[in-house]
Structure formats: C-alpha cells, structure tokens
Amino acid sequence: MILVTIGVLALQGGFIEHINLVRIAAEQLSLNVKAIEVRTAEELSECDGLIIPGGESTTISFVAAQSRLLEPLRDYVKLQKRPVWGTCAGLILLSDEANAAKKGGQELIGGLGVRVHRNHFGRQIESFESDLDLPFLGEGSAAFPGVFIRAPVVEEILSATASDVEVLAKLPGRVNKMRAGISQANTKDDSGDVIAVKQGNILGTSFHPELTSDARIHAWWLKSIVGQ
Ligand code: GLN
C-alpha cells in the first residue's frame, strides 16, 4: 500500500490537534499515512502535503523567518505547487495579501490570490461556533461544527487570479457571538462572509476543524492527495 507523508508545520499553534485528526482520518479511510511535525526544510521536503495550523500568524511567520523556513515554504507552495491547507492563521499565511496585518509588516507565504481580513470578527472573547454547510463534503452531508477564534475572512478575491479561486463555503447567517460572557449581542450580519477557498492545490479555511472531533475535512483533503 502506498505511504503518504503529511506534514504539519509545528512552529506554533494547533499542530498536535491536526496530526491527531490526520491519523484518525487515515484510519477511517484505511490509508497508510505518516503524519509528521515539520520544523525544517528537510522535513518539509519529505511531505506529500502540508497543513499550516491555526495559532498566531505573526508568530508563525516570525519563527519561520528565524528558522529560514519562509523561502522553502514559498517554494513548496508556489513553485512545486504541492497540496497545502491552512486553517485560520494558516489561511492568513497562505494569502497573497492580509488586511489588519501587524505594523512593520508580517511576512506571508502567499499563493492564494486573495486578501484576508485578520481578526475579522473581533477579539478572542468574540470567538464563536457556527454550524456550516460544506457542499464539498458531499450533497446533503451533515452540518460541520465551525469553530472561529479571532478568525480571518476572505474579503476579496484578487483580480489577477480571480477565475482560479473557488469559494468553497460562506457563513450561513448571523452568528451568535454572545459567548464567553459578552453581554451585548454583536448585531453585525456576517452571513455570506467567505470562510473557505481553494485555488489549485491550496486550501484555506477560516475555522478550526482540528479543534473538533470531526475528521471529514481531513479525510476529504487526504483523499484528494492520494488521488493525485
Ligand atoms: N487572528 C490570528 C492571526 O492573525 C489567527 C487566529 C487563529 O489562528 N485562531 O494569526
């Protein structure tokens, strides 16, 4: 049976959670998958696919620059065009442009022809969960538990590559951010905000499937890699 190696960028953030779900998805699909933590260019070069986890994009980018990983990552994503999936901070890093980026600049990996808006829904305390309809998981599939923590949204698809960028999911409706003790409802209507996109081999999601026990997106992504 072929062996697929999946790497998870392990500089900061939720990499262990992703590794666990990759293993669960592989088991469900009876695939021979090795999931590894990636901290060096050598480890990256072993990977048939890479996940960039949620966390803090400025920190991940800073540590990647310090560990001389930014260029190998750009090469992997943009020149070799290997499969890569970014969740939350990972989506920010994979975007060509980010709004509300940290002053003094934040180095992105890029590759996705979109501009994201960081921390679109506000602060940590305004984190929320929303049931998502993800048609790419199959017509009529059950709602996916979307976990949004200081999440970005895709605010614009950049024109040069517009036709290559596929919108995979949008927020279904007004979300309830009255969690964690917020006393006043945030009345902004977020329905229609773009929260999942795909361009070629690059997938980006605003939310954190790795913080749930639902391995369906991991399984879908693994299958697409094996299919290649
Ligand atoms: N807002 C964070 C950032 O800019 C991302 C948050 C997350 O990954 N949960 O990196």
Side-chain angles (χ1 to χ4, degrees), residues 7-22 37-39 50-67 69-70 73-74 77 84-112 114-132 134 144-156 158 168-171 175-177 179-180 182 186 188 190 193-198 202-214 217-218 221:
V8 183
L9 191 64
L11 304 178
Q12 190 262 341
F15 54 90
I16 289 167
E17 290 82 353
H18 267 299
I19 292 209
N20 290 341
L21 270 199
V22 166
E37 295 179 8
V38 171
R39 294 190 184 82
L50 178 76
I51 295 176
I52 304 181
E56 179 52 50
S57 58
T58 49
T59 306
I60 297 176
S61 136
F62 178 77
V63 180
Q66 296 287 311
S67 7
L69 252 185
L70 268 180
L73 284 166
R74 288 181 179 136
V77 176
V84 54
W85 172 19
T87 58
C88 204
L91 162 62
I92 297 170
L93 289 164
L94 288 171
S95 299
D96 281 341
E97 292 181 18
N99 247 347
K102 202 168 175 179
K103 275 222 163 47
Q106 165 181 9
E107 291 241 54
L108 302 173
I109 296 164
L112 268 178
V114 302
R115 182 172 62 244
V116 288
H117 184 230
R118 288 184 67 209
N119 304 327
H120 177 77
F121 303 99
R123 295 167 303 147
Q124 184 88 11
I125 199 168
E126 286 157 294
S127 302
F128 62 96
E129 292 179 21
S130 174
D131 276 351
L132 304 176
L134 301 180
F144 193 92
V147 176
F148 293 80
I149 303 170
R150 287 183 305 116
V153 297
V154 173
E155 65 174 15
E156 195 175 331
L158 302 172
L168 293 184
K170 293 181 178 180
L171 261 191
V175 287
N176 179 11
K177 291 186 226 129
R179 301 183 68 234
I182 297 180
N186 182 334
K188 196 156 82 44
D190 298 300
D193 280 343
V194 174
I195 49 158
V197 288
K198 184 173 181 298
I202 311 175
L203 170 69
T205 55
S206 300
F207 51 98
H208 292 273
E210 77 280 14
L211 298 183
T212 74
S213 56
D214 195 326
I217 306 181
H218 287 77
W221 186 70

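These numbers come from the heavy atoms of this one structure, side chains and all, not from hydrogens, waters or symmetry mates. Remember, it's 1-based here, ligands and their atoms both numbered in the order they're listed. In what follows, residues are counted from 1 in the order of the sequence shown.
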Notebook entry, point to check: Does the side chain to side chain contact (heavy atoms under 4.5 Å, CB included) test come out yes or no for D193 and H117, once each step is laid out?
Noted result: CA-CA 11 Å; D193 280 343; H117 184 230; over 6 Å; no
Next item on the list: Using distance alone, with no hydrogens and no angle criterion, decide if H120 and S206 have a side-chain donor and acceptor under 3.5 Å apart.
Entry: no
Check: Parallel, tilted or perpendicular: which fits the ring planes of F128 and F121, with parallel below 30° and perpendicular above 60°?
Finding: perpendicular
Check: By side-chain hydrogen bond (donor to acceptor under 3.5 Å, both in side chains), which residues pair with S61, not counting sequence neighbours?
Finding: none
Check: With E17, which residues qualify under side-chain hydrogen bond (donor to acceptor under 3.5 Å, both in side chains), at least two apart?
Finding: none
Margin query: I'd like the contact residues of ligand 1, where contact means a heavy atom below 4.0 Å.
Written below: G54, G55, E56, S57, C88, A89, I92, R118, N119, I149, R150, H208
Next item on the list: Tell me, please, which residues at least two apart from S57 pass side-chain hydrogen bond (donor to acceptor under 3.5 Å, both in side chains).
Entry: Q106
